[in-house]
Protein chains: 2
Amino acid sequence: MPAEVKVKSTRQRILDTAAAWFRNKGLAFTSMADLAESIGVKTSSIYYHFESKDALIEETFRIGIELVHAKVRDAVEALGENATHQERLTAAIKAHVNALLGENDYSPANIMNFSHATPEVRAKNNEVRASYGRYWASLLKAAQRDGVIAADVDLSITRLLLIGAMNWIPEWYESGRKSPEAIAECLSRMVHGLAPSAPEKAG
Amino acid sequence: MPAEVKVKSTRQRILDTAAAWFRNKGLAFTSMADLAESIGVKTSSIYYHFESKDALIEETFRIGIELVHAKVRDAVEALGENATHQERLTAAIKAHVNALLGENDYSPANIMNFSHATPEVRAKNNEVRASYGRYWASLLKAAQRDGVIAADVDLSITRLLLIGAMNWIPEWYESGRKSPEAIAECLSRMVHGLAPSAPEKAG
DNA sequence: GTCTATAGATAGATAGAC
DNA sequence: GTCTATCTATCTATAGAC
C-alpha cells in the first residue's frame with residue numbers, strides 16, 4: 001500500500017460529511033443535496049452507496065456509538081487493575097465527554113439527533129446503544145459493590161442522569177470557555193457525592 | 001363571564017396542539033397540515049393567527065420556558081424563609097423534573113426541540129431562557145454562600161450539568177417505571193455531593 | 001461508479017371568496 | 001375568521017446513459 005496519498009473512498013466521504021452535517025445542522029436540515037454538494041458529487045451518486053437517507057443516518061449512528069463505547073472502554077482499561085472504582089468512573093466520564101466535544105463528528109451526531117430519527121432508525125440503533133448502556137451499568141455496579149456508591153442508590157436512575165448530564169453538554173458547550181476536563185471533573189465530583197460517607201439529603 | 005362552556009379560542013387550540021405535536025413528534029415531523037387536521041380547521045386558517053410556522057414555534061417555546069420558570073419559582077417560594085438552601089435546591093429540581101414529565105406539553109416541547117430550531121427562533125427565545133438560567137444561578141450562588149456547596153465548585157458548570165441531567169430525562173423516561181420523585185431525589189443527592197464535607201474526588 | 005434528467009410527494013405559504 | 005384553490009419551493013428517490 002502506498003504510504004502517501006491515501007484517498008478516502010466516496011462511501012467514507014459520504015459518511016464523514018453526513019456526520020458533520022448531522023452534528024451541526026441536524027437531520028431535517030441536512031438534505032441529500034447538501035451532502036452531495038459538500039463532497040463534490042451529484043445527489044444520485046449517494047444512492048449508489050446507501051439505499052436511503054435513513055440507511056445513511058443509521059450507519060452514522062452506529063459508528064457514533066461504537067466510537068464512544070470504544071474510547072470509554074479503552075480509557076478505563078488503560079488504568080490497569082489497581083485503579084480504584086472512583087478513578088475508573090472518572091476516566092469513563094472524561095472519555096465520554098471528550099468524545100462528545102472532540103473532532104469526531106459521529107458520536108455527537110448520534111447523541112444530538114437520536115430522538116428526532118424515525119422509529120425504524122431508532123430501533124435499529126437500539127442494540128448497540130443498549131450494549132453501551134450495559135457497560136456503564138457494569139461500571140456503576142462494581143463501584144457500588146466496592147462501596148464507592150452507597151447501597152441504597154438507584155443505579156439505573158444514576159446512570160441515566162449521569163449520561164444525560166454528559167449528553168446535554170453539546171447543547172451549551174462553547175469551545176474556549178470551559179475545558180472538557182473541568183466539566184468532567186465537576187461531574188465526577190457530583191457522582192462522588194453518592195458515596196456512603198456523603199451527607200444525607202435534606203428534607 | 002359564563003361559568004361553564006369555556007370554549008378555547010382557535011389561537012389557543014393551535015398553540016396547545018402544536019406543543020403536543022412538537023413534544024411527541026418533533027418540529028420537522030409536525031406539518032401545518034397535521035396541526036390543522038388535529039384541530040379541525042384548514043391549514044390556511046392557522047396563518048390568520050400566526051404568520052409562519054417559525055412564529056408558532058417561537059410562541060410555544062416562550063410559553064414553555066415561562067411555565068417551568070414559574071413552577072420552579074413558586075415551588076421554592078412556597079418553602080418560606082426558613083427553608084435550608086439544600087431544601088430549596090431539592091424543591092427546584094423536583095419542580096423542573098415534574099414540569100418536563102407532566103401533562104403540560106409546552107416545556108418539554110421547548111427543551112426537546114430547541115437545538116433543532118432555526119437560529120432566528122433560538123435567538124428570539126434567548127432572553128427568556130437566560131432569565132430562567134439566572135434564576136438557577138442565584139439559587140446555586142446562595143447555596144454556595146451558605147456553605148451547602150463547596151467554595152471551589154464552578155457554579156456555572158454545575159448549573160449546566162444539573163439542568164442538562166434534567167433536560168435529558170424526557171429522552172429516556174417511560175411513565176410507570178421510575179417516579180419523577182425518585183429521579184429528582186437521586187439528582188438532589190448528587191448535588192448534595194458537592195458539599196464541602198463530601199469526600200474529595202479521587203485521582 | 002457517476003452522471004443527466006426527472007418523477008412523485010409533501011411542505012410552507014398566499015390570494016381571494018364568503 | 002375560515003374557507004377553497006393554488007403557487008412555489010424543496011426534498012427523497014429512481015431511470016437510464018456513459
Side-chain angles (χ1 to χ4, degrees), chain A residues 5-61 109 113-114 116-125, chain B residues 5-61 109 113-114 116-125:
Chain A
V5 199
K6 288 235 180 110
V7 177
K8 282 186 180 173
S9 69
T10 299
R11 179 189 157 84
Q12 191 60 48
R13 287 164 67 214
I14 293 169
L15 283 168
D16 290 349
T17 307
W21 273 82
F22 294 158
R23 176 185 193 174
N24 296 317
K25 300 279 185 176
L27 303 179
F29 289 143
T30 298
S31 71
M32 300 299 263
D34 289 330
L35 299 179
E37 196 183 7
S38 284
I39 300 164
V41 298
K42 297 299 176 181
T43 306
S44 55
S45 298
I46 298 178
Y47 286 91
Y48 174 82
H49 301 277
F50 298 93
E51 72 169 355
S52 67
K53 184 180 178 182
D54 270 357
L56 174 58
I57 293 171
E58 184 196 323
E59 180 75 353
T60 61
F61 275 10
N113 292 292
F114 181 73
H116 292 79
T118 64
E120 291 76 20
V121 169
R122 288 203 301 273
K124 287 183 180 168
N125 203 231
Chain B
V5 198
K6 290 235 179 107
V7 177
K8 281 185 180 175
S9 68
T10 299
R11 180 188 157 84
Q12 191 60 48
R13 287 164 66 213
I14 294 169
L15 284 167
D16 290 349
T17 307
W21 273 81
F22 294 158
R23 176 186 193 173
N24 296 317
K25 299 280 184 177
L27 303 180
F29 289 143
T30 299
S31 71
M32 299 299 262
D34 289 331
L35 299 180
E37 196 183 6
S38 284
I39 301 165
V41 298
K42 297 299 176 181
T43 306
S44 55
S45 298
I46 298 178
Y47 286 90
Y48 175 81
H49 300 278
F50 299 91
E51 75 169 352
S52 67
K53 184 181 179 181
D54 271 356
L56 173 57
I57 293 171
E58 184 198 325
E59 179 76 352
T60 61
F61 275 11
N113 292 292
F114 181 73
H116 292 79
T118 64
E120 292 76 18
V121 169
R122 288 204 299 273
K124 287 183 180 169
N125 202 230

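For the numbers below, each heavy atom of this structure counts, side chains included, while hydrogens, waters and symmetry mates do not.
In the set C:dT2, D:dC3, C:dG12, the nucleotide with an atom closest to the side chain of A:His49 is C:dT2. Relative to the side chain of A:Thr10, the nucleotides C:dT2, C:dA11, D:dC3 differ in distance, and C:dT2 lies closest. If you check C:dT2, D:dT12, D:dC3 against the side chain of A:Tyr48, the one that comes closest is C:dT2.
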Practice task
List the steps, then state whether side chain to side chain contact (heavy atoms under 4.5 Å, CB included) holds for A:Tyr48 with A:Arg11.
Solution key: CA-CA 9 Å; A:Tyr48 174 82; A:Arg11 179 189 157 84; over 6 Å; no
Exercise for the section: Decide side chain to side chain contact (heavy atoms under 4.5 Å, CB included) for A:Leu56 and A:Leu35; before the verdict, give the C-alpha distance in whole Å, the side-chain angles of both, and the deciding distance to 0.1 Å. Expected result: CA-CA 11 Å; A:Leu56 174 58; A:Leu35 299 179; 3.6 Å; yes
Problem - side chain to side chain contact (heavy atoms under 4.5 Å, CB included) assessment of A:Phe61 paired with A:Lys124 - result: CA-CA 10 Å; A:Phe61 275 10; A:Lys124 287 183 180 168; over 6 Å; no
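For the OP1/OP2 pair of D:dA13 and a distance below 4.0 Å, the side-chain nitrogens and oxygens of A:Tyr47 include at least one atom meeting the criterion.
Per the geometry, CD belonging to A:Glu58 stands 17 Å off P belonging to D:dT12, to the nearest Å. Rounded to whole angstrom, the span from the CZ atom of A:Phe50 across to the C1' atom of D:dC11 amounts to 19 Å. Atoms CG (A:Leu56) and P (D:dC11) sit 15 Å apart, rounded to a whole Å. One interatomic measurement links the two molecules: CE of B:Met32 to P of D:dC3, which rounds to 14 Å at whole-angstrom precision. In this structure, A:Glu37 places its CD atom 13 Å from P of C:dC3, rounding to the nearest Å. Taking atom CH2 on B:Trp21 and atom P on C:dA11, their separation rounds to 10 Å, with Å as the unit. Atom P of nucleotide C:dA11 and atom CG of B:Asp34 are separated by 7 Å, given to the nearest angstrom. Rounded to an integer number of Å, the gap from B:Lys53 NZ to D:dT10 P is 16 Å.
Backbone-only contact: B:Thr30 has heavy atoms under 4.0 Å from sugar-phosphate atoms and none from a base. Nucleic acid contact class of B:Ser44 (heavy atoms, under 4.0 Å, all strands): base. A:Lys42 comes within contact range of at least one nucleobase, with a heavy-atom separation under 4.0 Å.
Surrounding CD of A:Glu51 are at most 12 heavy atoms belonging to other residues, nucleotides or ligands under 6.0 Å away. Shown here is A:Gln12, whose CD atom has more than 12 heavy atoms of other residues, nucleotides or ligands within 6.0 Å.
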